[in-house]
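Presented below is the structure to which this report refers.
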Amino acid sequence: APPPVAPAPPPGVPLKPAGPDQKDIDDAIDRGCKWLLDHVAKGPSMIRDGWEGGPHSRDAFILYTLAKGGADQKHPAFQALVKRCLKPGKIERTYWAATLAMALQALDPAHYQPAIRSCAQFLADNQCVNGQWAYSGKHTVTLPTLSLAPTRVASGGSGQPASGGA
């Protein structure tokens with residue numbers, strides 16, 4: 001037998017939302033950004049390796065998460081992560097190219113356009129005949145040397161800066 005259905009509230013009484021309220025969601029996003037910034041501040045080895053794309057992909061994915069979560073871009077750990085992601089070198093892994101492009105797009109697409117273009121070129125050059133991508137490419141693309149974009153304080157999930165640290 002199917003589970004019983006809860007009775008409808010009396011007329012005029014609003015239905016309670018099924019999930020968490022927006023404040024709880026915003027607070028969770030802010031706590032997640034703070035946790036990531038605290039761990040990134042301890043160095044790249046503080047967040048476990050083992051990602052298919054290697055440490056570059058891990059760093060780019062964390063950068064994307066922090067950018068979308070509204071972390072404070074002036075935070076020293078955030079700045080160090082951006083520098084690590086932009087370290088000139090050859091793009092050799094699909095996850096790295098894709099996540100770095102997304103992270104830079106979320107931060108400042110105009111400023112980081114040359115790096116985003118390099119990531120897109122890598123992906124275009126390494127797309128398989130059937131339309132998919134392998135984990136690493138046959139062709140590499142060199143990431144251009146770029147300065148950091150001007151920093152700004154983005155709002156976290158709560159609309160307030162997600163400072164990430166005391």
Side-chain angles (χ1 to χ4, degrees), residues 17-124 126-127 132-133 135-137 141 143-166:
D21 66 18
Q22 190 61 47
K23 182 181 178 333
D24 292 339
I25 294 168
D26 294 343
D27 289 347
I29 291 168
D30 292 341
R31 284 191 313 274
C33 285
K34 180 187 180 315
W35 186 90
L36 279 172
L37 283 170
D38 289 347
H39 282 73
V40 167
K42 294 175 185 174
S45 64
M46 292 308 295
I47 298 181
R48 198 170 73 108
D49 253 340
W51 295 53
E52 177 55 45
H56 296 300
S57 298
R58 175 205 57 215
D59 288 347
F61 188 74
I62 292 168
L63 181 62
Y64 178 69
T65 302
L66 290 170
K68 295 303 279 186
D72 180 1
Q73 295 181 19
K74 292 183 179 183
H75 190 284
F78 191 101
Q79 291 287 304
L81 184 61
V82 173
K83 287 179 186 174
R84 229 175 24 243
C85 286
L86 289 175
K87 184 177 179 184
K90 293 196 179 296
I91 299 173
E92 299 173 335
R93 308 290 288 190
T94 302
Y95 284 149
W96 180 23
T99 55
L100 181 59
M102 291 188 312
L104 297 177
Q105 173 71 25
L107 291 175
D108 189 334
H111 181 81
Y112 294 121
Q113 184 180 14
I116 295 168
R117 185 180 303 124
S118 293
C119 293
Q121 187 65 57
F122 174 87
L123 293 170
N126 289 290
Q127 188 170 20
Q132 71 183 29
W133 284 268
Y135 289 115
S136 59
V141 174
L143 191 61
T145 302
L146 293 171
S147 62
L148 297 180
T151 57
R152 57 194 165 145
V153 178
S155 63
S158 64
Q160 300 300 316
S163 61

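Here the structure is a predicted model, which means the values were calculated and not measured.
Across all non-hydrogen atoms, the minimal contact from Leu100 to Cys119 is CD2-SG, 3.9 Å. Closest heavy-atom contact between Trp133 and Thr94: CB-CG2, 3.7 Å. Heavy atoms only, all atoms of each residue included: Leu104 and Ala115 are closest at CD1-CB, 3.6 Å.
Going from atom CD1 of Ile29 over to atom CD of Gln22 covers 7.0 Å, rounded to the nearest 0.5 Å. One finds the NZ atom of Lys90 at 11.5 Å from the CZ atom of Phe122 (value rounded to the nearest 0.5 Å). For the atom pair CD (Gln121) and CG (Asn126), the distance works out to 9.5 Å, reported to the nearest 0.5 Å. Separation of atoms CG (Asp26) and CZ (Arg31) is listed at 10.5 Å; rounding is to 0.5 Å. Remark: Ile62 CD1 to Cys33 SG distance equals 11.5 Å, nearest 0.5 Å. Interatomic distance, Gln73 CD to Leu66 CG, rounded to the nearest 0.5 Å: 9.5 Å.
With respect to Lys34 and Asp38, a salt bridge is recorded, a charged nitrogen being found less than 4.0 Å from a carboxylate O.
The only member of Leu107, Leu86, Val40 that meets side chain to side chain contact (heavy atoms under 4.5 Å, CB included) when paired with Leu63 is Leu107.
Not counting sequence neighbours, the partners of Lys23 by the salt bridge (Lys or Arg N to Asp or Glu O under 4.0 Å) test are Asp27. For Gln127, the side-chain hydrogen bond (donor to acceptor under 3.5 Å, both in side chains) criterion is met by no residue, not counting sequence neighbours.
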Query raised in the report: Could you walk me through whether Phe78 and Leu37 pass the side-chain contact (heavy atoms from CB on, under 4.5 Å) check?
Result: CA-CA 7 Å; Phe78 191 101; Leu37 283 170; 4.0 Å; yes
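Contact of the Phe61 side chain with the Thr99 side chain is registered, since non-hydrogen atoms from C-beta on lie closer than 4.5 Å. Using a 4.5 Å heavy-atom threshold, the side chains of Val82 and Tyr112 count as touching.
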